[in-house]
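Please read these numbers as outputs of a predicted model, since none were measured by experiment. First the proteins, then the strands, lettered A, B, ... as listed; each starts at 1.
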Amino acid sequence: MKGEGMPPPRVRFAPSPTGYLHVGGARTALFNWLYARHTGGTFVLRIEDTDRERSTDAHTKVILDGLGWLGIQWDEGPFFQGAYGPRHKADAERLVEGSAAYRCFCTREELDAQRREAERAGLTFRYDRRCQSLPPEEVERRRAAGVPSTIRFLVGDEEIAWDDAVHGRISFQGRDLDDFVILRSDDTAIYNLAVVSDDIAMAITHVIRGDDHISNTPKQIALYRALGHEIPVFAHVPMILGPDGKKLSKRHGATAVGDYQDQGILAPAMRNFLALLGWSPGGDREILAEEEMIALFTLEGIQKKAAVFDATKLEWMNGEYLSARPADELLPAVTRRLEQMGVDWGGRDLRPLIESVKTRSRTILHVAERVAVRLEPSRSTLDEKGEALIRKMGPAFATNLERAADALEPLRNGEWTAEQLLASLKDAAESHGLKLGDAMQPIRVALTGSTVSEPVNELLEVVGPDRSLARMREVAERVRGAGSAR
RNA sequence: GGGGGCGUGGUCUAGUGGUUAGGACGCCGGCCUUUCAAGCCGGAGAACGCGGGUUCGAUCCCCGCCGCCCCUACCA
């Protein structure tokens, strides 16, 4: 929002490829992307791979794939920060020439000792600037002698403040900041310099990032100024926490977007959920289409406080998307999963099966498992509720199951349809003086292992006469056997 | 220790100087099914972190406190 004519914003997402694409990073990327799309700006992707030890190509690929999966397209890049070493170094040296920074010959050991000393005395350690007063000749002499040195930025005493797009005005006192190192003794840049140098070079106008960077911001602002550049708009988005209120990390379980992809979460659901974690369009909206999110997105709508990642709500939302999606669209993901499970569906059209289970499923994994069970009921495993029912009904369980099988037997070669099945089941229940539920539930448990499914007659229809009948008789026999053996 | 940020039901959040503080997830119950769900309807659950002020009136404005989180590296 600076300058005349307000050129379209340029934003960037700058992950370090030192791990997987974290949901927090994914959300930061999403916010940048939404902002760019909302304003007609440009979204730049920059991989911050300057930490050579921890950065790997595999991680980079995972990040790119994760963004792609979420449908977050970047307009420029990916650029790799590692390629800009020379510029970083030149910027640092330029600052030394302008006396905004100075060479420091203190060794890590000396610094550590000073830090320990200060700590022991109960004081706040601050670099004492001893190298700043070194005469130029001395600096030259040491450099010529090959003494290693870093470059430190000279932080002034004045206040450094900015109007954060989500937090409002934030200010720091220069005297509370240390003269921080900007260039290592191996001539590579420290994070704060690298980001500022790159953001300037890439003409970034809005820096939208995690609020764990708030403390870095005054240093970066000082760098912008020293480098003779106008500062961008900063928008610090809140952290994402685990259920225990601690910053979300691996020990909370699934934290990489790939984990959710593997768990059968749909990309649009993930994106919708992430968008609403720390951002609100105002009002009561929950399910938002991509275009709506873009239209409604503003930096002002971003929450200040950290948000707890609620996987249960994510699954609920995924269930909403699942139910709304036609079986056709779910087919590829489901078949992929079925293949992983080693299920052979013999060329059968899976869509009716998907159709019958998707409403009651929350993830693609659930859908695939349930489809597999309907393909072959013997794959089912008895859950607690199923067990409870068998226990509760006692001998009636097997008896009713067999009676139902007998009653349905005639439909085997005729009308094995949902309507006909229901009619026959009702007749059978009536003639045996049973409540419909007592006739239905055993079938449900026999075929799925659980007491929850689509209506029983529909279940029977998708499973088909042969497998249904065989399974019902087999389970009846087994349950009776177990019962009498007791 | 120093500096900074944050604080509305368990969780995600809306919201305003005067509201029965709204919605969503989850939880509980009802309806519907002579069936479990799904769906629909309803309910419980928040003294809007605490204590002061300003004000006729504060969740919303000011101050203090407390709690949580972040930074405080030749990590990013």
Side-chain angles (χ1 to χ4, degrees), chain A residues 14-18 48-51 53-55 81 104 106-108 111-112 115 118-119 121-126 148-152 164 167 170-173 175-178 180-192 194-195 210-219 236 238-239 241 243 245-247 273 276-287 303-317 319 323 358-361 385-386 389 422 425-426 429-430 434-445 448 450-457 459:
Chain A
S16 332
T18 53
E48 308 213 323
D49 57 347
T50 48
D51 186 343
E53 313 284 292
R54 296 191 292 159
S55 299
Q81 188 164 59
C104 174
C106 297
T107 64
R108 203 191 283 267
L111 260 8
D112 286 346
R115 233 184 299 272
E119 200 171 315
L123 299 171
T124 300
F125 171 75
R126 191 141 301 151
S149 66
T150 62
I151 291 180
R152 270 181 196 277
D164 196 276
H167 293 271
I170 299 179
S171 75
F172 286 77
Q173 295 303 321
R175 74 181 70 89
D176 292 324
L177 271 33
D178 217 358
F180 56 99
V181 172
I182 55 177
L183 196 73
R184 298 186 184 88
S185 49
D186 68 358
D187 282 346
T188 60
I190 285 298
Y191 172 72
N192 283 308
V195 201
D211 69 12
D212 48 341
H213 285 290
I214 287 180
S215 315
N216 285 320
T217 306
K219 296 178 183 174
H236 287 98
M239 301 275 83
L241 275 21
K246 298 270 163 57
K247 187 172 168 180
F273 179 74
L276 257 28
L277 244 202
W279 171 70
S280 167
D284 300 334
R285 321 281 263 102
E286 293 282 344
I287 305 292
Q303 189 76 14
K304 289 185 172 81
K305 76 167 176 187
V308 173
F309 190 90
D310 182 358
T312 305
K313 186 163 181 177
L314 202 212
E315 289 204 350
W316 161 76
M317 188 169 278
S323 307
K358 67 172 185 155
T359 322
R360 267 156 297 268
S361 302
K385 292 170 94 177
L389 186 83
L422 182 58
L425 249 13
K426 282 184 175 177
E430 201 173 334
L434 298 173
K435 286 198 300 180
L436 192 54
D438 288 334
M440 300 283 215
Q441 287 298 68
I443 299 176
R444 184 171 266 139
V445 171
T448 69
S450 170
T451 61
V452 177
S453 81
E454 62 271 44
V456 171
N457 55 323
L459 171 67

Inter-nucleotide [atom1] distance ([N], [M]), Å rounded:
N: B:C60; M: B:U55; atom1: P; answer: 16 Å
N: B:C63; M: B:U54; atom1: P; answer: 15 Å
N: B:A58; M: B:G51; atom1: C1'; answer: 15 Å
N: B:U59; M: B:G52; atom1: P; answer: 12 Å
N: B:G3; M: B:U13; atom1: P; answer: 29 Å

Side chain of [X] only, please: which of [options] is the nearest?
X: A:Trp316; options: B:A38, B:A24, B:U35; result: B:A24
X: A:Ile170; options: B:C12, B:U35, B:G4; result: B:G4
X: A:Pro455; options: B:U11, B:G22, B:C36; result: B:C36
X: A:Lys305; options: B:U8, B:G2, B:C36; result: B:U8

Value in whole Å for how far the [atom2] atom of [N] lies from [atom1] of [X]:
X: A:Asn457; N: B:A37; atom1: CG; atom2: P; value: 17 Å
X: A:Lys358; N: B:A37; atom1: NZ; atom2: C1'; value: 16 Å
X: A:Glu454; N: B:C32; atom1: CD; atom2: P; value: 23 Å
X: A:Glu119; N: B:G1; atom1: CD; atom2: P; value: 12 Å
X: A:Arg126; N: B:G2; atom1: CZ; atom2: P; value: 11 Å

(message) Can you confirm whether more than 12 heavy atoms, excluding those of A:Glu119, are under 6.0 Å from its CD atom?
(response) no

(message) Taking atom types as they are modelled, would you say the side chain of A:Arg360 forms a donor-acceptor pair with the base of B:A37 within the 3.5 Å cutoff?
(response) yes

(request) Examine the base of B:G23 for any acceptor or donor lying under 3.5 Å from a partner atom in the side chain of A:Glu286, and report the outcome as yes or no. (result) yes

Is [X] touching bases, backbone alone, or none of the nucleic acid, heavy atoms closer than 4.0 Å?
X: A:Ser453; value: base
X: A:Val308; value: sugar-phosphate
X: A:Gly278; value: sugar-phosphate
X: A:Ser171; value: sugar-phosphate
X: A:Lys304; value: sugar-phosphate

(request) Measure the acute angle between the ring planes of A:Phe273 and A:Phe309, then classify it against the limits of 30° and 60° as parallel, tilted or perpendicular. (result) perpendicular

If you define the side chain from C-beta out and look only at heavy atoms, does anything of [X] sit under 4.5 Å from [Y]?
X: A:Leu422; Y: A:Lys426; answer: yes
X: A:His213; Y: A:Tyr191; answer: yes
X: A:Pro243; Y: A:Asp310; answer: no
X: A:Glu286; Y: A:Lys313; answer: yes
X: A:Phe180; Y: A:Thr150; answer: no
X: A:Leu425; Y: A:Ile443; answer: yes

(request) Could you tell me whether a side-chain N or O of A:Asp164 sits under 3.5 Å from a main-chain N or O of A:His236, the two making a donor and an acceptor? (result) yes

Mate of [N] where both pairing distances stay under 3.5 Å, Watson-Crick or G-U:
N: B:C75; answer: none
N: B:C6; answer: B:G67
N: B:U34; answer: none
N: B:G43; answer: B:C27
N: B:A58; answer: none

Check whether any side-chain nitrogen or oxygen of [X] sits under 4.0 Å from OP1 or OP2 of [N], and answer yes or no.
X: A:His236; N: B:G5; answer: no
X: A:Lys385; N: B:A37; answer: no
X: A:Gln303; N: B:A14; answer: yes
X: A:Thr312; N: B:G26; answer: no

(request) Find which nucleotide of RNA chain B each of A:Ala307 and A:Leu314 is nearest to by heavy atoms, and output the residue with the more 5' nucleotide. (result) A:Ala307

(message) Quick check on RNA chain B: between A:Ser280 and A:Val456, whose nearest nucleotide comes earlier from the 5' end?
(response) A:Ser280

(request) Would you give a per-nucleotide map of nucleotides 59-76 of chain B, 5' to 3', where B means the base has a protein non-hydrogen atom under 4.0 Å away, S means only the sugar-phosphate does, and - means neither? (result) ----------SBS-SBBB

(message) Assess, by modelled atom type and distance only, whether the side chains of A:Arg444 and A:Thr448 contain a donor and an acceptor separated by less than 3.5 Å.
(response) no

